[in-house]
There are 2 protein chains.
Amino acid sequence: MNQKFFKLPQERQDLIRNSAMVEFGGGSFKKTSADSIAKRAGVSKGLLFHYFKDKREMYLYLFQYAIDECVEIFNRHILKNTYFKETDFFLILEKGQKVKMDMVRRHPGLFRFVMRAYYERDSVLTPKLRKKLDDVLAQTTDSFLARADLYKFKDGVDPRAVVRLLTLSAEGMLAETGAYTAEEIETLFLEYQKYAQMLRQNLYKEEYL
Amino acid sequence: MNQKFFKLPQERQDLIRNSAMVEFGGGSFKKTSADSIAKRAGVSKGLLFHYFKDKREMYLYLFQYAIDECVEIFNRHILKNTYFKETDFFLILEKGQKVKMDMVRRHPGLFRFVMRAYYERDSVLTPKLRKKLDDVLAQTTDSFLARADLYKFKDGVDPRAVVRLLTLSAEGMLAETGAYTAEEIETLFLEYQKYAQMLRQNLYKEEYL
DNA sequence: GGGGTCTTGACCGATTTGGTCAACGGCGGT
DNA sequence: ACCGCCGTTGACCAAATCGGTCAAGACCCC
């Protein structure tokens, strides 16, 4: 790909990347046209092919970029929690979800794109990229569980199941609406918090409520 | 649409309907080609346009059909529970989920199709059809909550939130994998049951465990 | 006004699109 | 054996869309 892309102002890079991720996230690789991406970004198709040699390269770059971006905000999140010595499961989770929502605000379509790219049949992704995502996902959960106070849970409660259940519900919400705007995200976040609170209230030992 | 379609053997009707729903469920109305539907069904494109006057008509018919089918299995489910006088929240939910899984087995792609059709921008759906789905969805939840023993829940637990949380997680699972085969469905079902059990164990008053 | 950079929009051949239609094949009746 | 019927096909159509190219414009600083 053309390195000049990175010399563009950040906003313009984001404009192009976000438009592309939204479009790719809305359909398969094949069914997503370069034209629709250009239109969404408000630039000419020619410009896209000026920076990316073809559709495939753009797609692969976006996936790589998306993962890197996830890793970065994830690390920032970790750092914050370490700094504030936050160790409560649901408080970390809440902050994590807030960070995630910020991400959706800055990069609408990123998560949808990543999920779609990962699960697409006839994937265009290299095995390496797939593995990279696997690793990131596994590590985030593990790292999260490692620094949370799991003893607060009642006996017999599997914290992994709690994380997974809440994550699934968040994905369900995202899949339902395909929320993009800040307000939509905020609404979803509030609903999510309700469920998290319900779980906290009932899965924690009484002395930790 | 051509009424002769209904004189076809049931299997063949299903073959065509299911193929169409799977394809429509995988992308937007515009991006889904009649050709791909025909190929999936293993019939010629000409045949499709012999039974449906155009793509739009086929789409609208499928949505109507999908809702009707949902209503039917829903009623069967109600009937069974009434017959067996089942009133436990989680037992009804479990059976309901089983019925749903059977549905996915008989009509792979139906739920994805309905969800996609409902949430698609530039919808091709008539407002009436949208409202019909709204009604069905609202009614199923209400009817379910009405016949379940809600007093078993601890004070302060909102049963509606429990239903919604579990439904969301199921949608999340479906969105993740786009599961189609019977085994995939079975795996998902088991995971779902795990979460339901966890909730039951912790949201019910102790005397009802 | 010259030189460089970002950007455009017209343009290409190839493919795919929704939709049509004449003709085929198999089968039941006679 | 021949007919008529009906579900079905695959070639075919004009139109749109596809990924990708490229010469020329727009804008800037020197």
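Convention: sequence-line order gives letters A, B, ...; per-chain numbering from 1.
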- Task: Using the six-membered ring wherever Trp is involved, compare the ring planes of B:Phe29 and B:Phe24 and label them parallel, tilted or perpendicular (cut-offs 30° and 60°).
- Result: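 Ring orientation of B:Phe29 relative to B:Phe24: parallel.
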
- According to the interplanar angle, ranging from 0 to 90°, do the rings of B:Tyr192 and B:Phe189 count as parallel (below 30°), tilted (30 to 60°) or perpendicular (above 60°)? parallel

- Run the side chain to side chain contact (heavy atoms under 4.5 Å, CB included) check on B:Val99 and B:Arg76 step by step: do they pass? CA-CA 9 Å; B:Val99 171; B:Arg76 254 208 303 271; over 6 Å; no

[X] [atom1] to [N] [atom2]: how many Å, rounded?
| X | N | atom1 | atom2 | answer |
| --- | --- | --- | --- | --- |
| B:Asp35 | C:dT17 | CG | P | 6 Å |
| A:Lys31 | D:dG19 | NZ | P | 14 Å |
| B:Gln13 | D:dG7 | CD | C1' | 14 Å |
| B:Gln3 | D:dG7 | CD | P | 13 Å |

- Is the number of heavy atoms from other residues, nucleotides or ligands within 6.0 Å of NZ (A:Lys131) greater than 12? no

- Any chance NZ of A:Lys39 has more than 12 other-residue heavy atoms, nucleotides or ligands included, within less than 6.0 Å?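 Check fails, neighbour count at 12 or below.
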
- Message: Expected output is a numbered-order residue list: members of residues 53-61 of chain A with a heavy atom under 4.0 Å from any atom of DNA chain C. What is it?
- Response: none

- May I ask you to list the residues of residues 14-27 of chain A, by number, that have any heavy atom positioned under 4.0 Å from an atom of DNA chain C? none

Base, sugar-phosphate alone, or nothing: which one does [X] contact when heavy atoms must sit under 4.0 Å apart?
| X | answer |
| --- | --- |
| A:Tyr51 | sugar-phosphate |
| A:Thr32 | sugar-phosphate |
| B:Lys45 | base |

- Where do B:Lys132 and B:Asp135 land on the salt bridge (Lys or Arg N to Asp or Glu O under 4.0 Å) test, with the steps shown first? CA-CA 5 Å; B:Lys132 202 173 165 187; B:Asp135 291 346; over 6 Å; no

- Query: Can you pull the ring pair (Phe, Tyr, Trp, His ring centres under 6.0 Å) pairs that have at least one residue in residues 69-88 of chain B, sequence neighbours excluded?
  - Reply: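 The answer is none; no pair qualifies.
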
- Task: Starting from the 5' end of DNA chain C, give me the residue, A:His50 or A:Lys30, whose nearest nucleotide shows up first.
- Result: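 That would be A:His50.
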
- Closer than 4.0 Å, any side-chain N/O of B:Ser44 to the OP1 or OP2 of D:dG10?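 No, because none of the side-chain N or O atoms of B:Ser44 sits under 4.0 Å from OP1 or OP2 of D:dG10.
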
- Any salt bridge between A:Glu171 and A:Arg164, counting N to O under 4.0 Å? no

